[in-house]
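Following: one structure in structure tokens, then a few remarks.
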Amino acid sequence: FPVTILVWVKSRGRAVDHALYDSVRGVQKQLESNQTGAETTETTGVTAFNSDGYTGGALDQINGTTATNSFVDWLWKAGGAAVTNNAGSISSQVSANVEAGFSIVTYTGTGANATVGHGLGKAPGLVIVKARSGTATEWPVYHAGLTSAGYWIRLSSTAVQAADATLFNSTAPTSTVFSVGTAAESNGNTRNLVAYCFAEIPGFSKIFSYTGNGSADGPYVHCGFKPKYVLIKKTATGSGNSHWYVFDTARDAENLSDNKLWPSSSEAENSASIDTSTTNNILS
């Protein structure tokens, strides 16, 4: 049977948009984390989800052949074919990997305050949502480390956290559902939406916030394991807005891990220093 996964592809050597596919939305259905546009159909993008991975086509964005076009893939395994979940007031289609704390959720917005089932059996600390249809919208992110559930942050932007009760209805996720408000970004009426939900699993994943110290020898963050993937975003203004950063052990097998990419930008990989100002940051 085909594996159910989220596939996130980025060119390392040149400025090309990020490309996200998942097997709940289906093959050829692409979203871009650094763009606000709706889902597109890329016939030469990801063309198949297989029992051991995926098949990519000739799309330059995921399989270009220029001299500078090495790629990185980040993949998360969900829980098999999506099933109907009626735990929330909006019925959703969910593929949940409870052991790994990750689910892919699709639903249709209502434009009214609502809840959506996520299938994880514990409250997710990170929920990333994208409207697949309609006019361009940001990628709203709920994170347990923000000031409250009445705040959000944008995956597609350098902006810091902002208060807005209409994104997640000022309500933290529960063990069965996450909440959405009236905003088009998270619950636009008749819009098709997707949510990627992450719950912390001790010894496997960690979702938390920390405060920077402005030093080259930054704060120590205890995860309880050696992480393979680190996602960081500054949440307070400090010295200004800041991109999201991704580090991973596929590109940096040993410390120092300083080759970064930006989910909020098409920029190529580089190892320039990041903002270490003494403001709150989130990491997942």
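These numbers were taken from a predicted model, which means no experiment stands behind them.
- Remark: Trp74 engages Asp248 in a side-chain hydrogen bond (donor to acceptor under 3.5 Å, both in side chains) (not counting sequence neighbours).
- Side chains of Thr40 and Glu32 form no contact here, defined as non-hydrogen atoms less than 4.5 Å apart.
- Contact of the Leu20 side chain with the Val7 side chain is not registered, since no non-hydrogen atoms from C-beta on lie closer than 4.5 Å.
- When hydrophobic clusters are built by joining Ile, Leu, Val, Met, Phe, Trp and Tyr residues whose side-chain heavy atoms come closer than 4.5 Å, directly or via intermediates, Leu75 is grouped together with Val3.
- Formation of a donor-acceptor pair under 3.5 Å by the Thr115 side chain with backbone atoms of Ser89 is found in this model.
- A distance-only check finds a donor-acceptor pair linking the side chain of Asn85 to the backbone of Ala87 [under 3.5 Å].
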Exercise for the section: Could you go through the side chain to side chain contact (heavy atoms under 4.5 Å, CB included) check for Leu120 and Cys197 one step at a time? Expected result: CA-CA 8 Å; Leu120 292 176; Cys197 303; 4.0 Å; yes
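- Listed by chain and residue number, Thr4, Ser95, Phe102, Ile104 satisfy the side chain to side chain contact (heavy atoms under 4.5 Å, CB included) test with Ala78 (two or more places apart in sequence, or in another chain).
- The backbone N or O of Val94 sits nowhere less than 3.5 Å from a side-chain atom of Ser92 that would complete a donor-acceptor pair.
- Under the side-chain hydrogen bond (donor to acceptor under 3.5 Å, both in side chains) criterion, Ser33 pairs with no residue, sequence neighbours left out.
- With no hydrogens or angles considered, no side-chain donor-acceptor pair links Ser156 and Asn34 at under 3.5 Å.
- No donor-acceptor distance shorter than 3.5 angstrom exists from the side chain of Lys10 to the backbone of Trp262, with no hydrogens or angles considered.
- For Trp8 and Tyr229, the ring centers are positioned 6.0 Å apart or more.
- Following chains of ILVMFWY side-chain contacts shorter than 4.5 Å, one can reach Val46 starting from Ile5, so the two form part of one hydrophobic cluster.
- Taking CD1 from Ile153 and CG from Asp164, the interatomic distance works out to 13.5 Å, rounded to the nearest 0.5 Å.
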Handout entry: Trace of the side chain to side chain contact (heavy atoms under 4.5 Å, CB included) decision for Ile128 with Trp139
Key = CA-CA 7 Å; Ile128 302 171; Trp139 290 69; 3.7 Å; yes
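- In summary, Arg251 and Asp258 do not engage in a salt bridge, as defined by a charged side-chain N under 4.0 Å from a carboxylate O.
- Ser265 and His18 make their closest contact through O-NE2, 3.0 Å (heavy atoms, listed as atom of the first residue, atom of the second, distance).
- When the side chain to side chain contact (heavy atoms under 4.5 Å, CB included) test is applied to Thr147, the partners found at least two apart in sequence or on another chain are Tyr151, Gln161.
- Heavy atoms only, all atoms of each residue included: Pro263 and Leu261 are closest at CD-O, 3.7 Å.
- The OG atom of Ser11 sits 9.5 Å away from the CD atom of Glu269 when rounded to the nearest 0.5 Å.
- Note that OH of Tyr107 is 6.5 Å distant from CD1 of Ile90, once rounded to the nearest 0.5 Å.
- The number of heavy-atom neighbours closer than 6.0 Å to CZ of Phe204, taken from other residues, nucleotides and ligands shown, is 12 or below.
- Side-chain N or O atoms of Asn63 include one that pairs as donor or acceptor with a backbone N or O of Gly57 at under 3.5 Å.
- Hydrophobic clustering, defined by side-chain heavy atoms of Ile, Leu, Val, Met, Phe, Trp and Tyr closer than 4.5 Å, leaves Leu256 isolated from every other such residue.
- Of the inter-residue distances, the one linking His143 atom NE2 with Leu231 atom CG reads 8.0 Å to the nearest 0.5 angstrom.
- Its side chain outside the 4.5 Å cluster rule for every partner, Val83 clusters with none of the Ile, Leu, Val, Met, Phe, Trp and Tyr residues.
- When the side chain to side chain contact (heavy atoms under 4.5 Å, CB included) test is applied to Gln93, the partners found at least two apart in sequence or on another chain are Ala82, Thr84, Thr106.
- The side-chain hydrogen bond (donor to acceptor under 3.5 Å, both in side chains) check on Ser23 picks up nothing, with sequence neighbours excluded.
- Ser264 and His243 share a side-chain donor-acceptor pair at under 3.5 Å.
- Asp60 and Phe71 get closest at one heavy-atom pair: O-CZ, 3.7 Å.
- For Arg154, there are no side-chain hydrogen bond (donor to acceptor under 3.5 Å, both in side chains) partners, not counting sequence neighbours.
- Side-chain heavy atoms closer than 4.5 Å link hydrophobic residues (I, L, V, M, F, W, Y) into clusters, and following such links, even through other members, never connects Leu167 to Phe198.
- Phe247 has its side chain within reach of Ile232: a pair of non-hydrogen atoms, C-beta onward, lies under 4.5 Å apart.
- A donor-acceptor pair under 3.5 Å is absent between the side-chain atoms of Lys77 and the main chain of Leu6, judged by distance alone.
- Note: the hydrophobic cluster containing Val180 does not contain Leu146 (ILVMFWY, side chain heavy atoms under 4.5 Å, direct or indirect links).
- Thr235 is not listed as a side-chain neighbour of Val160, based on a closest heavy-atom distance of 4.5 Å or more.
- Atom OG1 of Thr36 sits about 12.0 Å away from atom CG of Leu155, to the nearest 0.5 Å.
- When all heavy atoms are compared, the tightest approach of Phe168 to Val129 is CE2-CG2, 4.0 Å.
- Inter-residue side-chain proximity for Val105 and Val116 is flagged as met; some heavy-atom pair is nearer than 4.5 Å.
- For Ser205 and Glu200, the side-chain atoms include no donor-acceptor pair closer than 3.5 Å.
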Handout entry: Verdict with reasoning, Val141 to Val127, per side chain to side chain contact (heavy atoms under 4.5 Å, CB included)
Key = CA-CA 6 Å; Val141 176; Val127 179; over 6 Å; no
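- Evaluation of the side chain to side chain contact (heavy atoms under 4.5 Å, CB included) rule for Leu59 yields Tyr21, Gln30, Glu42, Thr44, Gln61, Ile62 as partners, not counting sequence neighbours.
- Contact detail for His118 and Pro124: the closest heavy-atom pair is NE2-CD, 3.4 Å.
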Problem - Step-by-step side chain to side chain contact (heavy atoms under 4.5 Å, CB included) determination, Arg191 to Thr135 - result: CA-CA 10 Å; Arg191 288 194 183 217; Thr135 56; 2.8 Å; yes
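- Asp73 and Tyr54 share a donor-acceptor pair across their side chains, judged by distance under 3.5 Å alone.
- Residue pairs that meet the salt bridge (Lys or Arg N to Asp or Glu O under 4.0 Å) test with at least one member in residues 16-29, sequence neighbours left out, are Asp22-Arg25, Arg25-Glu39.
- Across all non-hydrogen atoms, the minimal contact from Pro219 to Gly212 is CG-CA, 4.4 Å.
- Hydrophobic clustering places Trp244 together with Val72 (ILVMFWY residues linked when any side-chain heavy atoms are closer than 4.5 Å, directly or through intermediates).
- The side-chain heavy atoms of Tyr142 and Pro140, taken from C-beta on, include no pair separated by under 4.5 Å.
- Using cut-offs of 30° and 60° on the angle between ring planes, the pair His222 and Tyr220 is tilted.
- Pairs passing the side chain to side chain donor-acceptor pair (under 3.5 Å) check and including a residue from residues 179-190, sequence neighbours excluded, read Thr110-Asn187.
- Between the CG atom of Asn97 and the OG atom of Ser103 there is a distance of 9.5 Å, given to the nearest 0.5 Å.
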